[in-house]
Amino acid sequence: MAYTEDHIALAAEYALGTLDADERAQVEAMMAEDEAFAGIVQSWSHRLGALNQMVGSVEPRPVVWENIKSEIARTALAQEPPAPAEASPPPAPMPDLPAEEAATSEASAENGPPQTSHPAAEQPGSSRPETDAIPDIAPQFIPQVHAPDINVLRAQLAPVVDGDVIRLEGRVKRWRNIASAVGALAAALLVTLSLQIFLPDALPGVLRPAPRIQTVEVKAPAAPLAASAQYVALLQGQDGGPAFILTIDGATRNFTVRKVGATPEPGKSFELWLISDKLPRPRSLGVIGASDFTARPLLASYDADVVNGATYAVTVEQAGGSPNGEPTSAPVFSGKLIETVPPTQPQAPAQK
């Protein structure tokens, strides 16, 4: 079912608790019939639930409850119907006159107006006769006026409003409530982020940020390089005269051949070999050049024990060296390495 903006606004207001009794009953009926709509209401409750965690409970003042009770009493008194007016007592009946007085009054009416006697003509000592007649005064009835009923007056003065206007007012009210809720939620998020940055201890455990773990890598100063050992082999023939001097650096295992007294035959070349009982056959270290010094880095691939304990020999090969990688003649010069410069231990850095 596709829900309109009014449905979503109604769900949000239900989560906020701003609906009246009829609207809440309508929403609860929709939730009971439509599970998807109930899920929308539940999602709004989760979104706006963070506001309850930021607001603590406040105890109202005692005067608030007193004002509520007095207002309820005043409203109940105003809604009571007025008491019926008491009927006015009927006028007293005229007393019956005696027959003589009635005849006298009739005769006087026929003969004319009565003669009035002056007070001066009256004898002193004579008293005025008292009459028991009641003056002929017509009774007047004054009706009692009551205040009009407020509910009746409101019903008479209630304006007739079009249905579209009512619907528009309800929609404006919903959007106004949603705007207020979103504004409050944004303010709560802003306060939460500010507290997470500046005062994380003031927040509940659920809203506190995770502790940051920073790994610091401390590099120790590099140890100074130790001076490498130097090895020398004197390659000589059977007559005992030195022909070549072989020098090897113990750290890099680069070697240098220094020609001393050997002279190659025309069309021939001197080739250097490494001979060790740890290897199945002699290994060629290359042809010795015609210059006085020949340097090669070929010993870097061999183990230190093999390099230090091997025998180094020189054979006479055809120009350019052995064609098959193996010596083709017997060695004419050979020798073993001796250590001339021992390696130095690195000195500890001076304590400050």
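Index from 1, following the sequence.
- Side-chain atoms of S269 come within 3.5 Å of backbone N or O of G320 as a donor-acceptor pair.
- If you take CD on E317 and CD on E326, they are separated by 10.5 Å, rounding to the nearest 0.5 Å.
- Between Q238 atom CD and Q236 atom CD the span is 11.0 Å, to the nearest 0.5 Å.
- The cationic group of R24 lies under 6.0 Å from the six-membered ring centre of Y14 and within 45° of the ring axis, placing it in a cation-pi geometry.
- Of all the heavy atoms in A15 and L48, the pair that sits closest is CB-CD1, 4.3 Å.
- Looking only at atom types and distance, the side chain of N67 has no donor-acceptor partner in the side chain of S70 under 3.5 Å away.
- Between N254 and T256, the side chains place no donor N or O within less than 3.5 Å of an acceptor N or O (distance only, hydrogens not considered).
- Between Y231 and F255, a ring centre-to-centre spacing not shorter than 6.0 Å is recorded.
- Distance alone, capped at 3.5 Å, places no donor-acceptor pair between the K336 side chain and the A233 backbone.
- Remark: of the listed residues T263, V287, V314, V314 is the sole one forming a side chain to side chain contact (heavy atoms under 4.5 Å, CB included) with F270.
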Checklist line | Step-by-step side chain to side chain contact (heavy atoms under 4.5 Å, CB included) determination, F293 to K259 | finding: CA-CA 6 Å; F293 294 92; K259 186 185 296 184; over 6 Å; no
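- Considering every non-hydrogen atom in both R253 and I248, the closest pair reads CA-CG2, 4.2 Å.
- In terms of heavy atoms, L10 sits closest to R174 at CD1-NE, 3.5 Å.
- By the criterion of side-chain heavy atoms lying less than 4.5 angstrom apart, applied directly or through intervening Ile, Leu, Val, Met, Phe, Trp or Tyr residues, I245 is not grouped with F333; the two fall into different hydrophobic clusters.
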Next item on the list: Run the numbers on Q230 and T247 for side chain to side chain contact (heavy atoms under 4.5 Å, CB included), then give the verdict.
Entry: CA-CA 7 Å; Q230 298 292 325; T247 305; 4.1 Å; yes
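- A heavy-atom distance below 4.5 Å is found between the side chains of M30 and H7.
- Closest non-hydrogen pair, G289 versus T294, comes out as N-OG1, 3.1 Å.
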Only distances under 3.5 Å count here; give the side-chain donor-acceptor pairs of residues 275-284 to other protein atoms, sequence neighbours excluded, each with its distance to 0.1 Å.
residue	atom	partner	partner atom	Å
S276	OG	K278	N	3.2
S284	OG	E271	OE2	2.6
S284	OG	G286	N	3.3

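- S43 and H46 form no side-chain donor-acceptor contact under 3.5 Å, judged by distance and modelled atom types alone.
- Clustering ILVMFWY residues whenever any of their side-chain heavy atoms sit less than 4.5 angstrom apart, transitively, puts L299 in a cluster other than the one holding V232.
- The CD atom of E13 sits 4.0 Å away from the OG1 atom of T18 when rounded to the nearest 0.5 Å.
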Notebook entry, point to check: Does the pair N324 and S322 meet the rule for a side chain to side chain contact (heavy atoms under 4.5 Å, CB included), with working shown?
Noted result: CA-CA 6 Å; N324 55 6; S322 172; 2.8 Å; yes
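- Note on L272 and L234: separate hydrophobic clusters, where clusters join Ile, Leu, Val, Met, Phe, Trp and Tyr whose side-chain heavy atoms are under 4.5 Å apart, directly or indirectly.
- For E28, the CD atom sits in a packed shell: over 12 heavy atoms of surrounding residues, nucleotides or ligands are nearer than 6.0 Å.
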Next item on the list: For the pair W273 and T315, evaluate side chain to side chain contact (heavy atoms under 4.5 Å, CB included) and give the outcome as yes or no after the intermediate values.
Entry: CA-CA 8 Å; W273 302 86; T315 61; 2.7 Å; yes
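- Ring pair Y3/F37 is tilted by interplanar angle, where 30° to 60° counts as tilted.
- Environment of CZ in R47: crowded, with over 12 heavy atoms of neighbouring residues, nucleotides or ligands closer than 6.0 Å.
- Minimum interatomic distance between I178 and A12 (heavy atoms only, all atoms of both residues): CG1-CB, 4.4 Å.
- Hydrophobic clustering of Ile, Leu, Val, Met, Phe, Trp and Tyr side chains at less than 4.5 Å, counting indirect connections, unites Y302 with V257.
- For E66, the salt bridge (Lys or Arg N to Asp or Glu O under 4.0 Å) criterion is met by K69, not counting sequence neighbours.
- Among all heavy-atom pairs drawn from T328 and P323, the shortest one is CG2-CD, 4.4 Å.
- No continuous path of ILVMFWY side-chain contacts below 4.5 Å connects L246 to I338, so the two sit in separate hydrophobic clusters.
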